[in-house]
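One structure below.
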Amino acid sequence: MHRFALAVLCLICVLAGTAHGQTTSIEPIRAQLGSVQSFHLQTRLNPADKNEVDILPKGTILRVKMLNTVDSSVDRDGAQFHGIVVESLAAGNEVIVHSESEVRGILVLLRSRNHPQGFRYELLVTGVTDHGKNYALTASLNPSFVDAVAPTASSPKPEPLEVPSPNVSTNGKVSTSLPN
């Protein structure tokens, strides 16, 4: 009988204890109506259908005035937003995307290794309409989709690799000696 009472007491203690788990709240992302957001062009995921926007380098800043409010605490993953390009984008002397072009985008929930909750919200521009032409593109608020890996103090820096200089023999052949 005492064993049974002890087992019940242990069970009650286990169930009554506070469980500290991972929080389910993901840091929200908000963009207010009329605010100007800076999006970074990314490498497109499907570059098979080339367009003029592809000549702009990765990281080019696309400044967009929001035409609607986006709030990840209210809006769901996949919610669409619209905006207007504030500053033209040019490559050399050629304007690729004119100011006042229409912007389409979505709110997405991305997997993130470095984020404490394992996910993060992101606003993505998916297309621009400029003078009646639709351009597919990918631009995000962050400079890269890839999670930055923070270097740790204990990680040794790799030694630079020394490449042996070639030895030219009298017969014109080049040989190299590699360290063992």
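The figures here come from the full heavy-atom set of this structure, side chains too, leaving out hydrogens, waters and symmetry mates.
Listed by first and then second residue, the ring-ring contact (aromatic ring centres under 6.0 Å, His included) pairs involving residues 91-110 are His98-His131 (not counting sequence neighbours).
Not a single ring-ring contact (aromatic ring centres under 6.0 Å, His included) links His82 to another residue, sequence neighbours left out. Residues forming a side-chain hydrogen bond (donor to acceptor under 3.5 Å, both in side chains) with Thr129 (at least two apart in sequence, or on another chain): Arg104, Asn134. Partners of Leu109 according to the side-chain contact (heavy atoms from CB on, under 4.5 Å) rule, which considers only residues two or more places apart in sequence or in another chain, are Ile26, Asp77, Phe119, Tyr121. For Ser38, the side-chain hydrogen bond (donor to acceptor under 3.5 Å, both in side chains) test picks out Arg63, with sequence neighbours left out. Partners of Asp75 under the side-chain hydrogen bond (donor to acceptor under 3.5 Å, both in side chains) rule, at least two apart in sequence or in another chain, do not exist in this structure. With sequence neighbours excluded, no residue forms a salt bridge (Lys or Arg N to Asp or Glu O under 4.0 Å) with Glu52. Remark: Arg30 engages Asp71 in a side-chain hydrogen bond (donor to acceptor under 3.5 Å, both in side chains) (not counting sequence neighbours).
Side-chain atoms of Ile84 and Val103, non-hydrogen and from C-beta on, never get closer than 4.5 Å to each other. Proximity of Thr138 to Leu41: side-chain heavy atoms (C-beta onward) are nowhere separated by under 4.5 Å. Looking at heavy atoms from C-beta onward, Leu56 lies in side-chain contact with Leu89 at the 4.5 angstrom threshold. Annotation: side chain of Ser99 is not in contact with side chain of Glu87 (no heavy-atom distance under 4.5 Å).
Judged purely by atom type and a 3.5 angstrom limit, Asp130 has no side-chain atom pairing as donor or acceptor with the backbone of Glu102.
Here OG1 of Thr69 is found 5.0 Å from CG of Leu33. Values are rounded to the nearest 0.5 Å. Taking CD from Glu122 and CG from Asn142, the interatomic distance works out to 4.5 Å, rounded to the nearest 0.5 Å. We find the CG-CG distance between Leu124 and Leu110 to be 6.0 Å, quoted to the nearest 0.5 Å. For the atom pair CZ (Phe81) and CD1 (Ile106), the distance works out to 8.5 Å, reported to the nearest 0.5 Å.
For the residue pair Gly34 and Lys65, the shortest heavy atom distance occurs at O-CG, 3.8 Å. Between Ile55 and Ala91, the closest heavy-atom pair is CD1-CB, 3.7 Å. Considering all non-hydrogen atoms of both residues, Leu67 and Gly83 come closest at CG-CA, 3.7 Å.
Other cluster members for Val86: Val36, joined by side-chain heavy-atom distances under 4.5 Å among Ile, Leu, Val, Met, Phe, Trp and Tyr. In this structure, Val74 shares a hydrophobic cluster with no other residue, the cluster being traced through Ile, Leu, Val, Met, Phe, Trp and Tyr side chains under 4.5 angstrom apart.
Both Leu141 and Val85 are assigned to one and the same hydrophobic cluster, defined by single-linkage of ILVMFWY side chains at heavy-atom distances under 4.5 Å. Residues Ile29 and Met66 are members of one and the same hydrophobic cluster, defined by side-chain heavy-atom contacts under 4.5 angstrom among Ile, Leu, Val, Met, Phe, Trp and Tyr. There is no path of hydrophobic side-chain contacts, each under 4.5 Å, that joins Ile61 to Val125.
A donor-acceptor contact closer than 3.5 angstrom links the side chains of Gln42 and Ser140.
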